[in-house]
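Here the structure is laid out as structure tokens; the discussion comes afterwards.
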Amino acid sequence: MAGNSQRRNRRTSNKKGMQVGSGGQRRRGLEGKGPTPPASARKGHVKNRIASAKAKQAAHRRPAPRRGGAKGTSELVVGRNPVFEALRDGVPATTLYVQQFIDNDERVREALQLATDRGINLMEAPRPELDRMTNGLNHQGLVLQVPPYEYAHPEDLAAAAFDDGEDPLIVALDGVTDPRNLGAVVRSVAAFGGHGVVVPERRAAGMTAGAWKTSAGTAARTPVARATNLTRALEAYQKAGMTVVGLAADGEMELQDLEALDGPVVIVVGSEGKGLSRLVGETCDVRVRIPMPGGAESLNAGVAAGVVLWEAARRRA
């Protein structure tokens with residue numbers, strides 16, 4: 001009996017238990033896996049290695065230019081003729097304020113038409129409101145709001161030139177306070193293939209409506225950078241391999257003898273009366289003078305920059 005019981009237990013233990021299903025895994029394993037991925041996405045393929053190498057190169061490229069300069073402040077252009085001229089010359093604007101019940105003369109009609117054509121907002125306002133906005137200036141019923149200028153970072157100017165395979169040609173202004181001089185320099189930089197203008201953040205002209213007008217529209221395509229400290233900005237340019245050339249009436253070299261204009265260079269122009277400041281002058285690699293057979297003591301910043309930029313463009317042609 002004991003033997004029969006053991007045989008029954010063995011037979012019972014040999015029976016198969018409940019079968020657990022595959023959960024559809026076998027069926028899914030037989031299904032197609034979709035289209036074959038491109039060679040560039042298949043690990044180990046030569047095209048995949050090329051694509052990976054390109055991605056690594058892109059990751060180590062120079063980062064996109066940053067807008068690190070101090071932002072300007074908004075500005076108001078007041079008066080019928082100034083507003084009309086600003087609109088005609090392409091000065092950026094966001095809103096044209098028009099006095100209620102204004103006398104509709106030719107200048108007003110032209111200003112309204114220009115603002116409409118450019119998509120600038122038109123706002124009607126009572127005279128007391130315009131008086132308040134302009135601190136009592138004689139606005140003649142027209143006030144144009146100019147938005148803050150977005151300055152570049154000084155490093156952006158050189159980086160953009162190097163990225164294009166060109167030697168940077170930059171003008172830095174030291175102590176130039178007249179916006180018209182700044183506009184004239186911007187115009188010359190654009191005319192002679194320069195890469196931008198650098199101005200100090202303090203005690204210097206900025207990109208106001210007057211500078212825009214003098215630039216004759218070239219400010220739209222010529223970047224202006226604002227440096228917190230001009231001396232440190234020039235030192236950074238030197239570390240990047242650029243020659244910093246200061247213009248001075250008592251410079252040790254004449255312009256025609258300056259070979260540095262053929263390569264990456266920063267031209268520093270001082271104010272007409274004081275010239276270069278002491279620290280900026282000491283930072284320059286070389287100081288040059290512009291020969292003036294006519295006997296003039298100095299040139300304003302716009303003219304001086306134009307002369308040197310023309311000489312640089314001539315040598316680079």
Check Ser215 against Val186 and note the closest heavy-atom contact, atom names and distance.
-> CB-CG1, 4.1 Å
Could you tell me whether Glu235 and Arg232 make a salt bridge, using a distance below 4.0 angstrom between a side-chain N and a carboxylate O?
-> no
For residues 85-104, which side-chain donor-acceptor pairs fall under 3.5 Å, sequence neighbours excluded?
{"unit_1": "Glu85", "atom_1": "OE1", "unit_2": "Lys213", "atom_2": "NZ", "d": "3.0"}
{"unit_1": "Thr94", "atom_1": "OG1", "unit_2": "Gln145", "atom_2": "O", "d": "3.4"}
{"unit_1": "Gln99", "atom_1": "OE1", "unit_2": "Arg127", "atom_2": "NH1", "d": "3.4"}

Is any side-chain heavy atom of Asp285 less than 4.5 Å from a side-chain heavy atom of Gln238?
-> yes
Treating Ile, Leu, Val, Met, Phe, Trp and Tyr as nodes and any side-chain heavy-atom pair under 4.5 angstrom as an edge, say whether Val176 and Val199 lie in one connected cluster.
-> yes
How many angstroms lie between atom CD of Glu129 and atom CD of Glu124, to the nearest 0.5 angstrom?
-> 12.5 Å
Ile170 vs Val197 side-chain heavy atoms within contact, under 4.5 Å | no
Asp250 side chain near Arg289 side chain, heavy-atom distance below 4.5 Å | no
Below 4.5 Å, heavy atoms only, C-beta onward: do Ile267 and Leu309 meet side chain to side chain?
-> yes
When rounded to the nearest 0.5 angstrom, what is the spacing between CG in Asp174 and CG in Leu276?
-> 5.5 Å
Hey, quick one: are Leu279 and Val266 part of the same hydrophobic cluster, counting side-chain heavy atoms closer than 4.5 Å, chains of contacts allowed?
-> no
Out of curiosity, Thr116 OG1 to Leu122 CG, how far, rounded to the nearest 0.5 Å?
-> 4.5 Å
Sequence neighbours left out, what pairs pass side-chain hydrogen bond (donor to acceptor under 3.5 Å, both in side chains) with at least one residue falling in residues 254-264?
-> Glu254-Gln256
Nearest heavy-atom contact between Pro179 and Thr177 is CD-O, 3.3 Å
Identify every side-chain donor-acceptor pair in residues 240-247 under 3.5 Å, counting partners at least two apart or on other chains, and give the distances.
none

Thr228 and Glu201: side chain donor to acceptor below 3.5 Å = yes
State plainly whether one hydrophobic cluster holds both Met133 and Val146, where clusters connect Ile, Leu, Val, Met, Phe, Trp and Tyr through side-chain heavy atoms under 4.5 angstrom apart.
-> no
Do Val286 and Leu258 come within less than 4.5 Å of each other through their side chains, counting heavy atoms only?
-> yes
Verify the neighbour count for atom CZ of Arg202: are there more than 12 heavy atoms of other residues, nucleotides or ligands below 6.0 Å?
-> no
Taking all heavy atoms of Gly175 and all of Ser271, pick out the closest pair and write down the distance.
-> O-CB, 3.3 Å
Write down the atom of Phe192, the atom of Gly306, and the distance for their closest heavy-atom approach.
-> CE1-O, 3.8 Å
Single-linkage hydrophobic cluster, 4.5 Å side-chain cutoff, Leu255 and Leu169 together = yes
Is there side-chain contact between Val78 and Asn138, with heavy atoms separated by less than 4.5 Å?
-> no
Ion pair present between Arg80 and Asp105, side-chain N to carboxylate O less than 4.0 angstrom?
-> yes
Nearest-0.5 Å distance that lies between atom CG in Asn229 and atom CG in Leu234 = 9.0 Å
Looking only at heavy atoms, what is the nearest atom pair of Pro223 and Ala152, with distance?
-> CB-CB, 4.5 Å
Salt bridge (Lys or Arg N to Asp or Glu O under 4.0 Å) filter on Arg180, not counting sequence neighbours, yields Asp178
Distance col, row Ile120:CD1 vs Leu144:CG, nearest 0.5 angstrom, shows 6.0 Å
Using salt bridge (Lys or Arg N to Asp or Glu O under 4.0 Å) as the criterion, list what pairs up with Glu106, not counting sequence neighbours.
-> none
In terms of heavy-atom contacts, Ala227 and Val198 come closest through CB-CG1, 4.1 Å
Tyr237 vs Leu157 side-chain heavy atoms within contact, under 4.5 Å = yes
Contact check, side chains of Gln113 and Glu110, non-hydrogen atoms, under 4.5 Å = no
side-chain hydrogen bond (donor to acceptor under 3.5 Å, both in side chains) pairs, two or more places apart, involving residues 186-197 = Glu166-His195
Within 6.0 Å of CZ in Arg315, more than 12 heavy atoms from elsewhere = yes
Trp310 with Ile290, same ILVMFWY side-chain cluster at under 4.5 Å = yes
Roughly how far apart are Arg226 CZ and Glu150 CD, rounded to 0.5 Å?
-> 13.0 Å
Check the pair Gln140 / Asn81 against side chain to side chain contact (heavy atoms under 4.5 Å, CB included), numbers first and verdict last.
-> CA-CA 9 Å; Gln140 300 175 305; Asn81 280 335; 5.9 Å; no
